[in-house]
Amino acid sequence: MRIDYLTLFPEMFEGVLNQSILKRARDKGLLKTQTVNFRDYAHNKHNQVDDYPFGGGQGMVLKPEPIFNAMRQLDTTPQTRVILMTPQGQPFNQKRAESLARAEHLVFICGHYEGYDERIREALVTDEVSVGDYVLTGGELPAMVMTDAIVRLIPDVLGNHVSHEDDSFSSGLLEYPQYTRPRAFEGLEVPEVLLSGNHAHIEQWRHEQSLYRTYLKRPDLLENYPLTDEDKKILERYKR
């Protein structure tokens, strides 16, 4: 995968891209990244990238020329996904991460100020994405969050190719409880079923626990989850 970041603060990405899973992906040659300071493409006296909005209003709006000029320097294809980080975008979730992980080339447009000139949305962008119902000072942090969630899904990035399949949200449910050694710690015991060696019972227990946790912590997720008749019985038993 190749990812380009159009940003006014390219140095913000250095720490994140050079640590942990993202660094491993780059070292393996599975991920190539480039940060592009679009101020370098503002061909005016002071390299100004923003201006006052037509019609009046508060704040400054990102001009179209620097973004358009920077995009022309990228080696894009018709399949390139151009992502605009904006609070008006579709919510970012695991399904969207899985979709983006199948792309060969992503471009993140990380803006600042009050907003974007609408022509950026209309002519360049394929995906408008938000990481939550709140406003940040820029798109760099959301782009980093999305990068981490996307890149770990690329085949061979994680040591075990199925490591992410049990993650919360991957199945539509929250993940079941996890335990490791010691077996007993300060009076707290590991559930006996996990020590039984009976893999069928363990899988059943884990599924039930995922259902319970989702019902308790994120019941909204169950609205779109295809509950079986047995799942419904498990939840009814738990509610009682």
Side-chain angles (χ1 to χ4, degrees), residues 1 3 13 15-31 90-102 129-134 136 141-240:
M1 177 181 285
I3 303 180
F13 291 87
V16 171
L17 295 176
N18 285 296
Q19 302 292 331
S20 189
I21 296 297
L22 297 181
K23 182 179 187 301
R24 184 187 306 170
R26 296 172 78 193
D27 290 345
K28 287 182 176 181
L30 300 172
L31 173 67
Q90 292 295 310
F92 183 64
N93 54 30
Q94 189 69 16
K95 296 300 181 185
R96 196 170 299 277
E98 292 168 359
S99 172
L100 292 171
R102 292 190 286 270
V129 182
S130 168
V131 295
D133 294 338
Y134 47 87
L136 298 170
L141 292 175
M144 293 181 218
V145 168
M146 288 183 59
T147 298
D148 187 276
I150 292 166
V151 171
R152 67 191 305 276
L153 300 177
I154 298 173
D156 299 324
V157 167
L158 298 180
N160 182 345
H161 75 281
V162 297
S163 292
H164 62 80
E165 293 181 2
D166 291 328
D167 288 346
S168 290
F169 308 111
S170 292
S171 68
L173 301 173
L174 299 185
E175 189 177 11
Y176 48 79
Q178 298 271 27
Y179 295 87
T180 188
R181 299 178 183 180
R183 178 172 175 175
F185 179 72
E186 296 190 358
L188 302 173
E189 300 275 349
V190 174
E192 284 295 328
V193 64
L194 298 178
L195 308 172
S196 67
N198 188 320
H199 295 292
H201 289 175
I202 291 172
E203 288 304 311
Q204 176 63 21
W205 180 87
R206 285 176 169 172
H207 181 65
E208 291 179 2
Q209 292 298 313
S210 288
L211 285 170
Y212 297 159
R213 284 204 161 180
T214 305
Y215 171 74
L216 281 174
K217 299 183 178 187
R218 288 292 306 275
D220 56 297
L221 296 177
L222 294 176
E223 295 175 7
N224 297 315
Y225 183 77
L227 292 170
T228 66
D229 290 340
E230 183 60 30
D231 290 340
K232 294 175 183 178
K233 291 178 182 178
I234 291 170
L235 285 174
E236 284 301 319
R237 185 166 65 247
Y238 181 71
K239 293 174 185 178
R240 290 198 299 270

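Treat the numbers as computed from the prediction; the structure is a model and nothing was measured. Hydrogens, waters and symmetry mates are skipped; everything else that's a heavy atom, side chains included, is used.
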Tyr225 vs Thr214, side-chain contact (heavy atoms from CB on, under 4.5 Å): CA-CA, chis, key distance, verdict: CA-CA 10 Å; Tyr225 183 77; Thr214 305; over 6 Å; no
Min side-chain heavy-atom separation [X]-[Y] under 4.5 Å:
{"X": "Gln94", "Y": "Leu153", "result": "yes"}
{"X": "Glu189", "Y": "Leu195", "result": "no"}
{"X": "Arg240", "Y": "Arg237", "result": "yes"}
{"X": "Arg213", "Y": "Tyr176", "result": "no"}
{"X": "Thr147", "Y": "Val16", "result": "no"}

To the nearest 0.5 angstrom, please state how far the [atom1] atom of [X] sits from the [atom2] atom of [Y].
{"X": "Leu17", "Y": "Ile3", "atom1": "CG", "atom2": "CD1", "value": "8.0 Å"}
{"X": "Leu173", "Y": "Arg206", "atom1": "CG", "atom2": "CZ", "value": "14.5 Å"}
{"X": "His207", "Y": "Ile202", "atom1": "NE2", "atom2": "CD1", "value": "16.0 Å"}
{"X": "Leu100", "Y": "Ile150", "atom1": "CG", "atom2": "CD1", "value": "4.5 Å"}
{"X": "Leu221", "Y": "Leu211", "atom1": "CG", "atom2": "CG", "value": "11.5 Å"}
{"X": "Glu98", "Y": "Asn93", "atom1": "CD", "atom2": "CG", "value": "8.5 Å"}

Criterion side-chain contact (heavy atoms from CB on, under 4.5 Å) on Val157 and Leu31, from CA distance to verdict: CA-CA 9 Å; Val157 167; Leu31 173 67; over 6 Å; no
So, the side chain of [X] versus the backbone of [Y]: is there a donor-acceptor pair under 3.5 Å, distance only?
{"X": "Lys28", "Y": "Asp156", "result": "yes"}
{"X": "Arg152", "Y": "Leu158", "result": "no"}
{"X": "Asp27", "Y": "Arg24", "result": "no"}
{"X": "Ser210", "Y": "Glu175", "result": "no"}

Electrostatic pair Glu236-Lys233, nearest N-O below 4.0 angstrom: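 No salt bridge links Glu236 with Lys233.
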Identify whether the distance between the nearest side-chain nitrogen and carboxylate oxygen of Glu192 and Arg183 falls below 4.0 Å.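 Arg183 and Glu192: salt-bridged.
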Could you check whether atom OH of Tyr215 has more than 12 heavy atoms from other residues, nucleotides or ligands sitting under 6.0 Å from it?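 12 or below, so no.
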Heavy-atom neighbours of Asp220 CG exceed 12 at 6.0 Å: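 Count over threshold, so yes.
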Between [X] and [Y], what is the shortest heavy-atom contact and its length?
{"X": "Gln204", "Y": "Ile234", "result": "NE2-CD1, 3.8 Å"}
{"X": "Pro226", "Y": "Asp231", "result": "O-OD2, 4.3 Å"}
{"X": "Ala97", "Y": "Ala149", "result": "CB-O, 4.2 Å"}

So Trp205 and Tyr179, would you call those rings parallel, tilted or perpendicular, with 30° and 60° as cut-offs?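 Rings of Trp205 and Tyr179: tilted, 30 to 60°.
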Start with the C-alpha gap between Val190 and Arg181, add the side-chain angles, then the distance that decides, and say whether side-chain contact (heavy atoms from CB on, under 4.5 Å) holds. CA-CA 9 Å; Val190 174; Arg181 299 178 183 180; over 6 Å; no
